[in-house]
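For reference, the structure is listed below as structure tokens.
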Amino acid sequence: MHDLGYFREHLDEFVQMAANRGVNIDFEGFRSLDQERRERITAVERLKAERNKASEEIARRKKAGEDASALLAEMKRVSEEIKIAGERAEALDASLRDFMLTVPNRPHSSVPVGHDASANVEVRRWGSPPKFDFKPRPHWEIAEGAGILDFQRATKIASTRFALYRGLGARMERGLASFFLDTHAAHGYTEILPPFIVNTAALTGVGQLPKFAADMFHLEGTDLWLTPTSEVELTSMYRDETLDADLLPIKVCAWTACFRSEAGAAGKDTRGLKRQHQFQKVELFKFTRPEQSYEEQESLVADAERVLQKLGLHYRVVLLCTGDMGFASSKTYDIEVWLPSAHEFMEISSCSNTEAFQARRSGIRFKPKGGKSEFVHTLNGSGLAVGRTWLAIVENCQQADGSVTIPEALRPYVGTDRIPAKP
RNA sequence: GGAGAGGUGUCUGAGUGGUCGAAAGAGCCCGCCUCGAAAGCGGGUAGCCUGGCAAAACCGGGCUCGUGGGUUCGACUCCCACCCUCUCCGCCA
């Protein structure tokens, strides 16, 4: 969310933002709503000031034993007026708040302008694609052949877009999560294990609600939802708190399952692990001072890259353009890993600086010594999506006979150097 | 699930219808003192909305004592509902 005063005074900047992001925002509606709201508020407040003054006078007269009945009658009438005018003002205020919650964040000046992914800018590449003297197969073929992945039985248990891992497949999924967490902990991130279920306030605080309710699973008859990303939990753990400035930046990481309804994704990535209703993810998260957030974003991306490098997987880093960024983000880098079967890169991490956008929604402040409290900046990034890393390993490390060589760094976590071609 | 207690500022914690945005203490900040620090002494220290104004500083007004309603000229204080926390009992991985 944006600061209302700033938004009002710099509307032209937000008109530009909407054009750059390719979204429609009703600025005319805002102008009239904002103006009427303010007029109503001042009218109500004038009445309240009158009442407060009279109340003091009534108290004084009663103490002095004087008569106050005329004032009392007058104030009864004023109070009724306040009630009626107040209701209208509150309705306008609620509408304005609802509107403000749907305005996306402003992209940072370093973000390229563009409508879709074609305007994204590749920042760097690491490693090189593996060479095969045979035609590399997609991960679902290798994995189902090796008996480490079973989609059909997962469908019996739940529905399509769920996976069941078996044997070394399950162990590699678990091992990857541990490997990620251990690596990040060694670089200053405190491991958190949060609830996987979150409430409406938490989702509103990160910008997931009110706009993206359809992308999530809602628990019927409750205020609770299955978490779509632990970014929600990690942000909300400090919701409505003022943090000690000396503790910043705060660096945390978490492994959780993530749940997405994938509404609107029908027909997309229907085969394999790429797009599931449930997947595991290790998230990196930072609470920083405003002036250090962009520097911290670069190091957060590097922290996510580190685990791919240790696994020896070829990847590139892409700076997303204005039209391809998420709702809450000011600047986002995606990390994309190489997939030999499709001969293309696949998103495996998304690292965003939301500046104060989420902090303002979530009420997360810090207080500098002797200064006024300010909103922190929040940064989030996958480090990494576990299921997608799993499939990248299966594809990049596959052998001609259908077996998979486990990357060296991961071997202690899987307990073997190779997944055999057959169970 | 049942019974009881309670939710007040950065924190602890007082306040039971009228100068209460809120005592006291702690923390933090600024002075004095000191070679410097500690101690001591003095002062300061919430957020949001709104108007003066285009903005900063500043000044005025309004709101905020878990949330939402109600009673009242007036609510931290009384009433109702809900949420949350703690203790005990029950159940349970």
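Since we're looking at a predicted model, the values are computed, not measured. Chain letters run A, B, ... following the sequence lines, proteins first, then strands; residues in each count from 1.
Taking Phe259(A) as the reference, nothing meets the ring-ring contact (aromatic ring centres under 6.0 Å, His included) condition, with sequence neighbours excluded. With sequence neighbours excluded, the residues forming a ring-ring contact (aromatic ring centres under 6.0 Å, His included) with Tyr315(A) are Trp126(A), listed by chain and number. When the ring-ring contact (aromatic ring centres under 6.0 Å, His included) test is applied to Phe7(A), the partners found at least two apart in sequence or on another chain are Phe14(A), Phe30(A). Contacts of His187(A) classified as ring-ring contact (aromatic ring centres under 6.0 Å, His included), with partners at least two apart in sequence or in another chain: none. Taking Pro290(A) as the reference, Phe366(A), Glu374(A), His377(A) meet the side chain to side chain contact (heavy atoms under 4.5 Å, CB included) condition, with sequence neighbours excluded. Glu122(A) pairs by the side chain to side chain contact (heavy atoms under 4.5 Å, CB included) definition with Arg125(A), Arg316(A), not counting sequence neighbours.
In summary, the side chains of Thr354(A) and Thr378(A) do present a donor paired with an acceptor at a separation below 3.5 Å, with no hydrogens or angles considered.
For RNA chain B, runs of at least 3 consecutive pairs of the Watson-Crick or G-U wobble type, with both hydrogen-bonding distances under 3.5 angstrom, map to B:1-7 with B:83-89, B:10-12 with B:24-26, B:27-32 with B:40-45, B:46-52 with B:58-64, B:66-70 with B:78-82.
At least one donor-acceptor pair closer than 3.5 Å links the side chain of Thr102(A) to the backbone N or O of Phe99(A).
Checked against Phe217(A) for a side-chain contact (heavy atoms from CB on, under 4.5 Å), the options Ile197(A), Leu226(A), Thr227(A), Leu224(A) give a single hit: Leu226(A).
Here, rU34(B) and rA38(B) have their P atoms 14 Å apart, quoted to the whole Å.
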Distances under 3.5 Å only, N/O to N/O: pair up the protein atoms with those of nucleotides 53-56 of chain B.
unit_1: rA55(B); atom_1: OP1; unit_2: Glu9(A); atom_2: OE2; d: 2.9

Nucleotide N/O of nucleotides 83-85 of chain B paired with protein N/O under 3.5 Å:
none

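Applying the salt bridge (charged side-chain N to carboxylate O under 4.0 Å, His left out) definition to pairs two or more places apart or across chains, those involving residues 18-34 of chain A are Arg8(A)-Asp34(A), Glu28(A)-Arg31(A), Asp34(A)-Arg38(A). Within the structure, the side chain to side chain donor-acceptor pair (under 3.5 Å) test picks out the following pairs touching residues 190-206 of chain A (sequence neighbours left out): Thr200(A)-Asp223(A), Thr200(A)-Trp225(A).
Remark: Asp93(A) engages Arg37(A) in a salt bridge, criterion side-chain N to carboxylate O under 4.0 Å.
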(request) Classify every nucleotide of nucleotides 61-71 of chain B by which part a protein heavy atom approaches to under 4.0 Å, writing B for the base, S for the sugar-phosphate alone and - for neither, in 5'-to-3' order. (result) BSS------S-
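When the nearest nucleotides of RNA chain B are assigned to Leu71(A) and Glu39(A) by heavy-atom distance, the more 5′-ward of the two goes with Glu39(A).
Between His10(A) and Tyr6(A), the ring planes are parallel. Angles under 30° get that label, and only those over 60° would be called perpendicular.
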